[in-house]
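So you know, we letter chains A, B, ... as the sequences are listed, proteins then strands, and number each from 1.
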Amino acid sequence: MRDEDVDDVMALLAEAVRQWPSPAVTIVSQREGNPFKVLVSCILSLRTQDRTTGPASERLFALADTPATMLALSREQVEGAIYPVGFYRNKAAQILEICRILVEQYDGRVPDDMGRLLSFRGVGRKTANLVITLGFGKPGICVDTHVHRICNRWGYVRTGTPEQTEFALRAKLPGQYWLVINDYLVTFGQNHCTPLSPRCSTCVLGRFCDRIGVTKHR
DNA sequence: AAAACGGGGGC
DNA sequence: GCCCCAGTTTT
């Protein structure tokens, strides 16, 4: 994919993702404007399939949906609510630790800058960028493995790590696409342009794609 | 039964 | 950069 193809690809992508109702990322999108829910949802989704984190986070938020109230929960309560996301002890402990810091040092509010977000254990660039963009509506690019894989598969960027992809996209992706690329590409990556067996033969973006790193395809 | 999945931390 | 982290889902 060449730079001048961006508008065409984004339009085709928007059309393509419409065939998958209630995409998994919508679960996270529904947290829009609520940085705390975005943050907790992201912690739950670490190294798990996104589909499972929606119901799990709903159960947790039914018990508590602010740092102060969630801090009052026991680790066992949190662990029980978030089945079946896995990594229960780590995730429950990290969430409660973040709640404690938010209450004690940040007046119960989630900070809106990269530096402070990254200081929390369990928060990396993907989570921080999602909090900044979805939670606070500020500019940012959230690169998960889907975004990283697909942008490289297209040949739009040539990078080795998601962080490099983030910086490459920040430098070249037109600003009007920053807030939608993650939503589109995650949906697209989960349903069509999958890691192992992308459906290249039925892909509307075929003529724009370099298929870099594609080993098998149907 | 086995392989795929997926962000972050520690070194 | 490399290795590790645990448990659910898919093949």
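Ion pairing of Arg125(A) with Glu166(A) is present here, as a side-chain N (NZ or NE/NH1/NH2) and a carboxylate O approach within less than 4.0 Å. Salt bridge present: Glu58(A) and Arg31(A) bring a charged side-chain N and a carboxylate O closer than 4.0 Å. Remark: Arg207(A) does not engage Asp8(A) in a salt bridge, criterion side-chain N to carboxylate O under 4.0 Å.
Rounding to whole angstrom units, CD of residue Gln94(A) and P of dG10(B) are separated by 10 Å. Distance, Ile43(A) CD1 to dG7(B) C1': 10 Å, rounded to whole Å. Protein atom CD of Glu97(A) is 17 Å distant from nucleotide atom P of dG8(B), rounded to whole Å. One interatomic measurement links the two molecules: CG of Asp144(A) to C1' of dC5(B), which rounds to 12 Å at whole-angstrom precision. Rounded to a whole Å, the CG atom of Leu117(A) is 11 Å from the P atom of dG8(B). Atom CD of Gln190(A) and atom P of dG6(B) are 8 Å apart (whole Å). In this structure, the NE2 atom of His148(A) is 14 Å from the P atom of dC5(B), given to the nearest Å. When rounded to the nearest whole Å, the span between CD of Glu166(A) and P of dG7(B) equals 13 Å.
When distances are taken from the side chain of Arg121(A) to each of dC5(B), dG9(B), dG8(B), the shortest belongs to dG9(B). Nearest to the side-chain atoms of Leu196(A) among the listed nucleotides dA4(B), dG6(B), dG7(B) stands dA4(B).
Position along DNA chain B of the nearest nucleotide to Gly122(A) versus Arg149(A) favours Arg149(A) as the more 5'-ward residue. Remark on DNA chain B: of its neighbouring residues Thr194(A) and Phe120(A), the 5'-side contact belongs to Thr194(A), judged by nearest-heavy-atom nucleotide.
Checked by atom type and distance alone, the side chain of Trp178(A) pairs as donor or acceptor with a backbone atom of Leu173(A) at under 3.5 Å. No donor-acceptor distance shorter than 3.5 angstrom exists from the side chain of Thr53(A) to the backbone of Gln49(A), with no hydrogens or angles considered. Here the side chain of Arg59(A) pairs a donor or acceptor atom with the backbone of Ala81(A) at under 3.5 angstrom.
Contact check for Leu39(A) versus Thr127(A): side-chain heavy atoms found under the 4.5 Å cut-off.
Residue-level contact check: Thr161(A) touches neither bases nor backbone, having no heavy atom under 4.0 Å from any strand.
When both pairing distances are held under 3.5 Å, dG6(B) makes no Watson-Crick or G-U pair with any nucleotide shown.
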* Asked: Can you give one letter per nucleotide of nucleotides 4-11 of chain C, going 5' to 3': B for a protein heavy atom under 4.0 Å from the base, S for sugar-phosphate only, - for none?
  -> -BBSSSS-

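Rounded to whole Å, the separation between the P atoms of dT11(C) and dG6(B) comes to 12 Å.
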